[in-house]
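Right, one structure below, let's go through it.
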Amino acid sequence: MLSENTIRIVKEITPVVAANAETITRRFYERMFEVNPEVKVFFNQSHQHTGGQQKALAGAICAYFTHIDNPGVLLPAVELIAQKHCSLGIQAEHYPIVGANLLAAIKDVMGEAATEEILGAVEEAYGFLADIFISREKDIYRDQALVPGGWNGTRTFVVSRKVPECDCVTSFYLKPKDGGELPAFKPGQYITVHIDHPVTPTSPRNYSLSDRWREPHYRISVKREESLQADAPGGLISNHLHDEIQEGDCIELGPPCGEFTLDPTEKVAEPIVFLAGGIGVTPLLSMAKSLLKAQPNAEVVFVQAARNSASQAFANELKTLAESSPGLKLRTIYDAPLPDDLASGKCDETGLLTKELIAEWTPVGTARYFFCGPKPFMNLVHSALSEMGVADHRLQYEFFGPKQELVPA
């Protein structure tokens with residue numbers, strides 16, 4: 001347990017740390033990549049360039065410091081991060097590297113205000129949290145290795161099929177090269193793709209598994225990522241997969257990870273609503289297909305928001321699913337429709353998904369909601385559901401970044 005003195009000091013410095021959190025995390029990453037370049041491989045440099053990684057870490061530090069006297073509040077966040085760490089292969093020996101550079105960054109930014117007493121308290125608090133992560137990640141690695149067909153690290157897979165889903169999304173069907181057993185995954189989980197990029201060394205990438213569980217293959221469906229901003233590179237791995245990886249090629253994969261999941265075997269007692277924005281459709285499609293395979297009469301609403309019919313992935317797959325699932329209702333909305341999209345019935349509405357449409361299309365009072373998509377979509381959905389009084393325990397979502405960024409749009 002943390003000492004009372006450490007808890008007191010951390011609580012006292014929290015406002016100052018919060019005010020300088022992003023400055024501290026920017027300095028942290030600069031220093032760590034300079035002093036310990038071996039860890040750079042774990043970080044998506046596009047997120048570094050845009051500041052997303054720095055904001056996420058700043059939010060995590062502020063959340064931990066705020067709840068230093070009640071760390072149990074943070075257990076859901078710990079699970080999310082631990083799963084992410086295991087997907088990248090983070091090990092116990094990496095934690096001292098992070099701790100040393102974090103303390104140095106705090107000292108660099110806070111200057112003389114970072115006394116030995118304060119740094120000692122932060123070091124103790126970091127060590128306490130690191131031990132929680134190390135313990136949980138040890139269990140995750142063990143479970144991955146023990147499941148039938150499971151593995152740690154990477155395993156070679158062959159691309160058995162490559163299928164365009166729309167103008168910007170392509171699916172890759174993957175089978176183990178060794179012909180061995182394929183471990184079951186939980187619908188909603190992701191796998192990690194390790195690519196030795198021929199030009200620019202880069203970190204592994206996580207892609208949601210987009211097909212039903214217990215199939216003889218894994219499937220990922222990858223959106224070709226354009227540059228996030230004018231001076232940032234496009235998606236190195238997504239473009240490499242689209243342009244260079246062909247059927248018959250081999251790629252290295254890490255085992256399934258992630259805590260944004262649905263258990264298809266659990267009898268559903270209430271309607272299930274999936275709200276998908278853009279490429280956020282992938283984990284939700286896996287959930288819906290798996291659930292409806294196990295429980296064809298389950299009451300399910302699947303709402304998909306896309307740009308238009310050219311960029312909507314899985315339109316035909318969802319229609320086929322609806323034909324065999326009497327309890328499934330599909331709704332589609334395009335925010336940049338092509339001229340005949342609405343008139344031809346390819347979508348139900350145009351514009352952005354709104355609180356009014358969610359209320360019209362879904363059973364707000366009784367449903368459990370699963371949603372995933374880009375940040376503006378997540379803001380809209382989270383805000384709308386909160387305003388309609390949907391309790392937090394009926395909301396599950398995949399969002400990469402601090403939860404506090406989900407603010408009213």
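Positions are given from 1, in the same order as the sequence printed here.
- Among residue pairs with one or both ends in residues 130-157, those qualifying as ring-ring contact (aromatic ring centres under 6.0 Å, His included) are His85-Phe133, Trp151-Phe157, Phe157-Tyr218; sequence neighbours excluded.
- Legend: residues meeting salt bridge (charged side-chain N to carboxylate O under 4.0 Å, His left out) with Arg224, ordered by chain and number and at least two apart, are Asp243.
- One side chain, Glu165 or Ser171, offers a donor N or O that lies under 3.5 Å from an acceptor on the other.
- For Thr192, the side chain to side chain donor-acceptor pair (under 3.5 Å) partners are Asn206, not counting sequence neighbours.
- Residue pairs meeting the side-chain hydrogen bond (donor to acceptor under 3.5 Å, both in side chains) criterion with at least one partner in residues 60-70, sequence neighbours excluded, do not occur; the list is empty.
- Residues satisfying the side chain to side chain donor-acceptor pair (under 3.5 Å) criterion with Tyr173, sequence neighbours excluded, are Arg219.
- Applying the side chain to side chain donor-acceptor pair (under 3.5 Å) rule to Glu349 yields no partners; only residues at least two apart in sequence or on another chain are considered.
- Salt bridge absent: Glu247 and Lys162 never bring a charged side-chain N and a carboxylate O closer than 4.0 Å.
- When the options Arg307, Gln304, Lys346 are evaluated for a side-chain contact (heavy atoms from CB on, under 4.5 Å) with Gln312, the one that passes is Gln304.
- Taking the side chain to side chain contact (heavy atoms under 4.5 Å, CB included) definition, one finds that Pro363 meets it with Pro271, Val273, Glu299, Val301, Thr366, Ala367, sequence neighbours left out.
- Residues meeting the side chain to side chain contact (heavy atoms under 4.5 Å, CB included) test with Asn5, sequence neighbours left out: Ser3, Arg8, Ile9, Glu117.
- Between Lys289 and Glu317 there is a salt bridge, since a side-chain N of the basic residue sits under 4.0 Å from a carboxylate O of the acidic one.
- Partners of Arg136 by side chain to side chain contact (heavy atoms under 4.5 Å, CB included), not counting sequence neighbours, listed by chain and number: Glu79, Ala82, Gln83, Asp139, Ile140.
- By the ring-ring contact (aromatic ring centres under 6.0 Å, His included) test, His242 is found to be paired with no residue, residues two or more places apart in sequence or in another chain being considered.
- In terms of the salt bridge (charged side-chain N to carboxylate O under 4.0 Å, His left out) criterion, residue partners of Lys355 (sequence neighbours excluded) are, by chain and number, Glu387.
- Take Arg212 and apply the side chain to side chain donor-acceptor pair (under 3.5 Å) test, not counting sequence neighbours, and it matches Glu215.
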